[in-house]
Engineer: 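Once you've had a glance at the structure underneath, I'll fire off some questions.
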Amino acid sequence: MSGPGFKKAGDNLFKIALLPGDGIGPEIVAEAVKVLQAVGKRYGHQMEFEEGLIGGAALDQGGEGLPRETLELCRQSDAVLMGAVGGPKWDHLPGSKRPEAALLGIRKGLGLFANLRPARVFPALTGASSLKREVVDGIDLVVVRELTGGIYFGQPKGREGDRAVDTMAYSIPEIERIARVAFELAMKRQGRVTSVDKANVLETSRLWREVVLRIKDEYPKVRLEHMYVDNCAMQLIRNPRQFDVILTGNMFGDILSDEAAMLTGSLGMLPSASLGEGTLGLYEPVHGSAPDITGKGTANPLATILSAAMLLRYSLDLEDEGAKVEWAVGTVLDQGYRTPDIAEEGCVPVGTKEMGDLIVRAIQS
Ligand code: IPM
Ligand code: MG
């Protein structure tokens, strides 16, 4: 896509910051790094990796959840690959000190206002969804979620006596730039945008609708539809194939992207990209740090590996290489290999490392 997160591959050396984070984060990031190294070797790109601290891992070192050095490292890199943050160990901390605050901080600090969350069903996994096969078959949608505004960041926010306040706010420029990302993306896909809001109740949503409608004029080939968020939540389950690009704000996007992810059968399969005005992007799986399976060697690394594929495409402009990684994932799934979260009868059970090795081998083939 054009717009945010694009770089011409001229440089031979790519600098990638790694933020493994908490829980299963380090285990799954290690597999994605193996995959990126295999891609580098096969296609002749030099990649340099440097690790930074974020979340609980950073708090445990006695510092802030988002150390200044980590932000600096990311700013000096071509792309950032992140694992996950948070866990029960840090749940008692006040909101602003929690690992999740570090995640919001890095998004804001790097200006990553556009969050792309694709939900696509791999043919080998249509049976893994909790919905009927005929509903799920062929799902291929992307949630474009505004990531640095809305109720997550609006001021005032906090406690006043016996009340708590969060503020939902959006400005015209904030809506314009995320709308353009969605329309640009739709041009490269099926040409359809569904803008999701709550314009029957919220003033921010009425402004959202107005602005999206105006930006649409720049994209005569794209079909635009507006949908209320409650209806969208229902339509996603009723008939998910109707969607191509879902454009929405921060909070609605958070909720709808979890729902969309589950349609595909496993949260362990879903990648994401967070992009800004430049080429720098942050790539992370949609799932969390999974404290319950940390250290067991059973976590599914595919969401992180697919996030690495998005990294190749959007931040390094290596389209073929990204497609190769996605092809490798599809091939290994077709061969029947499964981590426990996507296991089914007759499959070949594998752990985190084996899954990473299989993808590497497919890339070498
Ligand atoms: C996500 C997560 C985060 C969010 C949390 C961990 C702060 O749910 O990336 O979807 O709400 O954005
Ligand atoms: Mg979420």
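Whatever order the structure lists them in is the order used to number ligands and atoms, beginning at 1. These numbers come from a predicted model, not from an experiment.
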Engineer: For ligand 1, is R98 a contact, meaning one of its heavy atoms is under 4.0 Å away?
Structural biologist: no
Engineer: So does M168 get a backbone contact from the side chain of T204, meaning a donor-acceptor N/O pair under 3.5 Å?
Structural biologist: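 No; judged by distance alone, with no hydrogens or angles, the pair does not exist.
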Engineer: Below 4.0 Å from any atom of ligand 1, is there a heavy atom belonging to H287?
Structural biologist: no
Engineer: What I want to know is whether E100 and ligand 1 share at least one N or O pair that is separated by under 3.5 angstrom.
Structural biologist: no
Engineer: Give the residue and atom name of whichever protein heavy atom lies nearest to atom 4 (C) of ligand 1, and the separation in Å to one decimal.
Structural biologist: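 Atom 4 (C) of ligand 1 sits closest to the protein heavy atom Y152 OH, 3.5 Å.
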Engineer: Please answer: with hydrophobic residues joined when any side-chain heavy atoms are less than 4.5 Å apart, are V80 and L71 in the same cluster?
Structural biologist: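 Yes.
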Engineer: Establish, yes or no, whether the cationic atom of R120 lies under 6.0 Å from the six-membered ring centre of F122 and within 45° of the ring axis.
Structural biologist: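 That pair qualifies as a cation-pi contact.
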Engineer: Checking R361 against Q364: is there a side-chain donor and acceptor pair closer than 3.5 Å?
Structural biologist: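 R361 and Q364 do not have a side-chain donor-acceptor pair below 3.5 Å.
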Engineer: Mind checking whether R107 contacts ligand 1 via backbone (N, CA, C, O), side chain (CB onward), both or neither, at a 4.0 Å heavy-atom cut-off?
Structural biologist: side chain
Engineer: Please tell me whether F252 and I175 are part of a single hydrophobic cluster in this structure, the criterion being side-chain heavy atoms less than 4.5 Å apart.
Structural biologist: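 Not linked; separate clusters.
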Engineer: Checking one value in my table: which N/O/S atom of D254 lies closest to the Mg ion (ligand 2)?
Structural biologist: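 For D254, the N, O or S atom at the smallest distance from the Mg ion (ligand 2) is OD1.
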Engineer: When you measure from atom 1 (C) of ligand 1 to every protein heavy atom, which one gives the shortest distance, and what is it?
Structural biologist: R117 NH2, 3.3 Å
Engineer: In terms of hydrophobic clustering (I, L, V, M, F, W, Y; side-chain heavy atoms under 4.5 Å; direct or indirect links), are V201 and V196 co-clustered?
Structural biologist: yes
Engineer: My understanding is that we take every heavy atom of each candidate and find the minimum distance to atom 5 (C) of ligand 1. Doing that for L103, V85, I255, which one comes out nearest?
Structural biologist: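 The option holding the nearest heavy atom is L103.
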Engineer: Is it the case that R145 places NZ or CZ above or below the six-membered ring of Y152, under 6.0 angstrom from the centre and within 45 degrees of the axis?
Structural biologist: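 R145 over Y152 ring: yes.
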Engineer: Touching ligand 1 at all, E284? Heavy atoms, strictly under 4.0 Å?
Structural biologist: no
Engineer: Just need the protein heavy atom nearest to atom 8 (O) of ligand 1, so name the residue and atom and give the distance.
Structural biologist: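 For this ligand atom, the closest protein heavy atom is D254 OD1, 3.2 Å.
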Engineer: For S315 and Y283, which I'm curious about, is there any donor-acceptor pair between the side chains at under 3.5 Å?
Structural biologist: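 Note: S315 and Y283 side chains meet the donor-acceptor criterion.
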Engineer: Which atoms of ligand 1 are found less than 4.0 Å from any heavy atom of R145?
Structural biologist: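 Near R145, meaning under 4.0 Å from one of its heavy atoms, ligand 1 has 1 (C), 4 (C), 9 (O), 10 (O), 11 (O), 12 (O).
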